[in-house]
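What follows is one structure encoded as structure tokens, with my remarks underneath.
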Protein chains: 2
Amino acid sequence: MDLSERKLQILQAIITDYVQNAEPVGSRSIAKKYGLGVSPATIRNEMADLEEMGYLTHPHTSAGRVPSDKAYRLYVDDLMQKRNLTPQEKRIINERLRANMNEFDQTIQHAAALLSEITKLASFAMTPQTNQDTLRFVRLIPVDEHAIILMIAANSGNVTNTTLRVNVPYTNEALEILSKSMTYNYQGRTIDDVLKNAIIHDIGSDIEALSALANSVMPNFMRTLEDMLNVNLYMEGLTNIFNIPEYSSMDRARSFLELMSRKEEFTRDMLERGDGVIVTIGEENVADSMKDCSLITATYHVDGKLVGKIGVIGPTRMKYSEVTSIMEYLTQNLSESFRLTSGKDTDSNE
Amino acid sequence: MDLSERKLQILQAIITDYVQNAEPVGSRSIAKKYGLGVSPATIRNEMADLEEMGYLTHPHTSAGRVPSDKAYRLYVDDLMQKRNLTPQEKRIINERLRANMNEFDQTIQHAAALLSEITKLASFAMTPQTNQDTLRFVRLIPVDEHAIILMIAANSGNVTNTTLRVNVPYTNEALEILSKSMTYNYQGRTIDDVLKNAIIHDIGSDIEALSALANSVMPNFMRTLEDMLNVNLYMEGLTNIFNIPEYSSMDRARSFLELMSRKEEFTRDMLERGDGVIVTIGEENVADSMKDCSLITATYHVDGKLVGKIGVIGPTRMKYSEVTSIMEYLTQNLSESFRLTSGKDTDSNE
DNA sequence: GATTAGCACTCCGCAGCTGCGAGTGCTAAC
DNA sequence: GTTAGCACTCGCAGCTGCGGAGTGCTAATC
């Protein structure tokens, strides 16, 4: 079952050629371009073997060979050699990532744009799942007699606020007491935990006015926590698929774009993938309209803990070596920059 | 130059038919379907006249007629009668809009999704331009020794925060004084105004520690204000264009999607459009790849003042009457719900 | 036994042709 | 002014034939 050295060489040659030219490759052109020292006829025999073993396919009798998913899998696992980025490429990534650091989401989106720009593929980036993020403090800030701002700060550096309408009269002192009490109760607990276990009368108070205020605030608090759990998804370079021969048929392009526009579904699927750089090829993908694509995802970390994802989608005929290297470098870089932003000691209590 | 009653009827019939079927309409089918009491031959004569006047075109000799941009313009300006929404349609819009009111941007995005769902067209929504928004207060909140949260609340109800790293030691009192001082200085002024005219030593202080802190905070403050000016753009239902016969050619679909993915450019173009419901047809559009589209935009208001936009893009062959009615209703509804959210008296001082 | 040359064969893609259907424009009659 | 009739135009779908690319097989060669 093992592949002879020569078979491997031929297979690699076919993959290389096909990745570059997107056209079935014939025995003659291999013999010519990749000096293996044998004639086309020999290569044809080997190719016939490789086809029987499932590494190659045939669009039709008189066409050249095309690598199968299995071939790409072999390539990614064993044949491919890691390509180091040039200093120039590294520099570009560094510069572009640091350029826009003001808002977290912006940075993430930028990273996706950068990735798609470099690889010329469709890319996406997701903000981290935050259910394991812990709360740092809660604060209620008066706006006017009908409105207050609810502010929730998490230890990852994530801070959210919503303006809420309250229909009970309140005093600034009451707000402060409630803020402190909520902070005291929830500080250090994960969002998940608070959502599941926070009972409204945690905050309960003997003072009637305060408890009325709490009753008015708590549902909004919970709702906002739920919002915080939402993962944001940014997609970039979707129109790159038009440059890919595989998608020159309308139907394919369409079903691909439709897949990408069902964002909730897509997000869910992506969250299920493991950590690190993961490559899934063609049929290995779950989504139907991705059966002829390859998907590469990688993870970055915020504050060393929360995990976000970034990914690339393209034809199975893809420069795996290059793309995985880029993604590895990019996510490392992202993780580092998010360590800086949120400080070293975010775990300390207030 | 004026069109006879019969010509108008025929023109209207052609438009109606073409909008529905997306196929050039012939004299016979008009005579049949839209009982005008005349024979196809007569209609042919009239059509020839209409063509000469620029209201109709001919894909080729043996094809039916197709309305020109000029015809649609006439239709939108004079012929079209406003279509009232059914109570059911209104109900759907109401329900869907109220369903997700927690975050402003979410609501906007939802509105775009709803719009594209109802019209089956591509749609977008933009958050308001906020340069005329006025500041309500600024607040600095301690996080740990290296970080503070900067919170900026505007009178529209818009509240932003960023975590900033400070490399000078600070006390809670200093933060409070600085907060108050900034609020005092900027309250009631527009973001634009503050960005242009705020000089750092506005805040200047005799106390050295305080002025060091201010120096550390101010650049971030300005940057955050700039961020607040950013208009967010949400697009929905882009893949709907695949259902439109006009875009069944790859090239068209492609150039359309590429246009839409250049978001900054698109945003800029949209901001230049006037208020209320505005229809631009085919060649009237500036962007090249929109010369065969129609674009309808409408404006909604936040707090009765800030103006956001929402829009629809589709083939010139579009149900103008229906779409404009829907958009009118939708924006009214949006404006109302944003009045509620931010309260009636947001103008009062703190 | 592995390799190679040679050749028949397959199949795609393309260009050119044909017939059909839809719809027009014109003319002559009403 | 309106209409019937008819020749004409054009796009489209389907067919045909051809060239090119590449295979698979067989028989000769190393």
Side-chain angles (χ1 to χ4, degrees), chain A residues 2-11 13-15 17-18 20-68 71 245-246 248-250, chain B residues 2-11 13-15 17-18 20-68 71 245-246 248-250:
Chain A
D2 246 12
L3 292 169
S4 71
E5 186 58 29
R6 193 170 65 187
K7 280 198 174 59
L8 283 178
Q9 281 178 351
I10 291 177
L11 189 55
I14 293 177
I15 292 176
D17 203 84
Y18 187 68
Q20 221 173 53
N21 306 317
E23 267 168 26
V25 9
S27 52
R28 223 178 85 89
S29 66
I30 289 193
K32 247 191 188 167
K33 287 193 235 168
Y34 305 84
L36 300 179
V38 289
S39 79
T42 312
I43 292 178
R44 276 205 291 281
N45 289 330
E46 297 284 40
M47 293 204 300
D49 290 351
L50 284 168
E51 179 160 2
E52 209 178 345
M53 300 165 87
Y55 290 104
L56 295 177
T57 48
H58 234 179
H60 59 267
T61 355
S62 71
R65 296 314 209 284
V66 169
S68 67
E246 279 86 338
S248 58
S249 110
M250 201 68 184
Chain B
D2 247 12
L3 292 169
S4 71
E5 185 58 29
R6 193 170 66 188
K7 281 198 173 58
L8 285 177
Q9 280 178 353
I10 292 176
L11 189 55
I14 293 176
I15 293 176
D17 202 85
Y18 187 68
Q20 221 172 53
N21 306 317
E23 269 168 24
V25 8
S27 53
R28 224 178 85 90
S29 66
I30 289 193
K32 245 190 189 168
K33 287 195 235 168
Y34 305 84
L36 300 179
V38 287
S39 78
T42 311
I43 292 178
R44 276 205 290 283
N45 290 330
E46 296 283 41
M47 293 203 300
D49 289 350
L50 284 168
E51 179 159 4
E52 208 177 346
M53 299 164 87
Y55 290 106
L56 295 178
T57 48
H58 233 180
H60 59 266
T61 356
S62 71
R65 292 325 207 279
V66 168
S68 68
E246 279 87 337
S248 57
S249 111
M250 201 69 183

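Chain identifiers are assigned alphabetically (A, B, ...) following the order of the sequence lines, protein sequences preceding nucleic acid strands; residue numbering begins at 1 within each chain.
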*Output all residues satisfying side chain to side chain donor-acceptor pair (under 3.5 Å) with A:E23, sequence neighbours left out; order by chain, then residue number.*
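Scan of A:E23 (side chain to side chain donor-acceptor pair (under 3.5 Å), adjacent residues dropped) gives none.
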*Quick one: list whatever passes side chain to side chain donor-acceptor pair (under 3.5 Å) with B:Q20, sequence neighbours left out.*
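Result, side chain to side chain donor-acceptor pair (under 3.5 Å) vs B:Q20: none returned.
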*First contact, last contact: which nucleotides of DNA chain D are these for chain B, 5' to 3', heavy-atom distance under 4.0 Å?*
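Listed 5' to 3', the contact boundaries are D:dT2 to D:dG11.
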What integer distance in Å separates [X]:[atom1] from [N]:[atom2]?
| X | N | atom1 | atom2 | answer |
| --- | --- | --- | --- | --- |
| B:H60 | C:dG23 | NE2 | P | 9 Å |
| B:N21 | C:dA22 | CG | P | 15 Å |
| B:L56 | C:dG23 | CG | P | 15 Å |

Results of side chain to side chain contact (heavy atoms under 4.5 Å, CB included) for [X] - residues two or more places apart only:
| X | answer |
| --- | --- |
| A:N45 | none |
| A:S39 | A:A41, A:T42 |
| B:A48 | B:R65 |

_Short side-chain to backbone donor-acceptor contact, B:S27 and B:I43, under 3.5 Å_ =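 Judged by distance alone, no pair lies under 3.5 Å.
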*Hey, does the side chain of A:R6 come within less than 4.0 Å of C:dT3's phosphate (OP1/OP2), counting only N and O?*
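It does, given that an N or O in the side chain of A:R6 lies less than 4.0 Å from OP1 or OP2 of C:dT3.
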*Pick base, sugar-phosphate or nothing for A:T61, based on heavy-atom distances below 4.0 Å to the nucleic acid.*
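Counting heavy atoms under 4.0 Å across all strands, the contact made by A:T61 is with sugar-phosphate only.
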*Could you tell me, to 10°, how much the axis swings from one end of the helix from C:dG1-D:dC30 to C:dC30-D:dG1 to the other, five pairs per end?*
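The angle separating the two end axes equals 20°.
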*Only counting residues at least two apart or in another chain, list the ones meeting salt bridge (charged side-chain N to carboxylate O under 4.0 Å, His left out) with B:R28.*
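Testing B:R28 for salt bridge (charged side-chain N to carboxylate O under 4.0 Å, His left out), a comparison that skips the adjacent residues, returns none.
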*By salt bridge (charged side-chain N to carboxylate O under 4.0 Å, His left out) - contacts of A:K7 (at least two apart)*: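 Result, salt bridge (charged side-chain N to carboxylate O under 4.0 Å, His left out) vs A:K7: A:E46, A:D49.
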*Using heavy atoms and a sub-4.0 Å distance, could you list which residues of residues 44-52 of chain A are near DNA chain D? By number, please.*
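Those residues whose heavy atoms fall under 4.0 Å from DNA chain D, taken from residues 44-52 of chain A in numerical order, are A:R44, A:M47.
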*Identify the residue among A:I14, A:V25, A:V66, A:I15 that makes a side-chain contact (heavy atoms from CB on, under 4.5 Å) with A:L56.*
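Result for side-chain contact (heavy atoms from CB on, under 4.5 Å) with A:L56: A:I14.
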*With DNA chain D as reference, determine whether A:A41 or A:P24 sits nearer its 5' end, using the nearest nucleotide of each.*
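This one resolves to A:P24.
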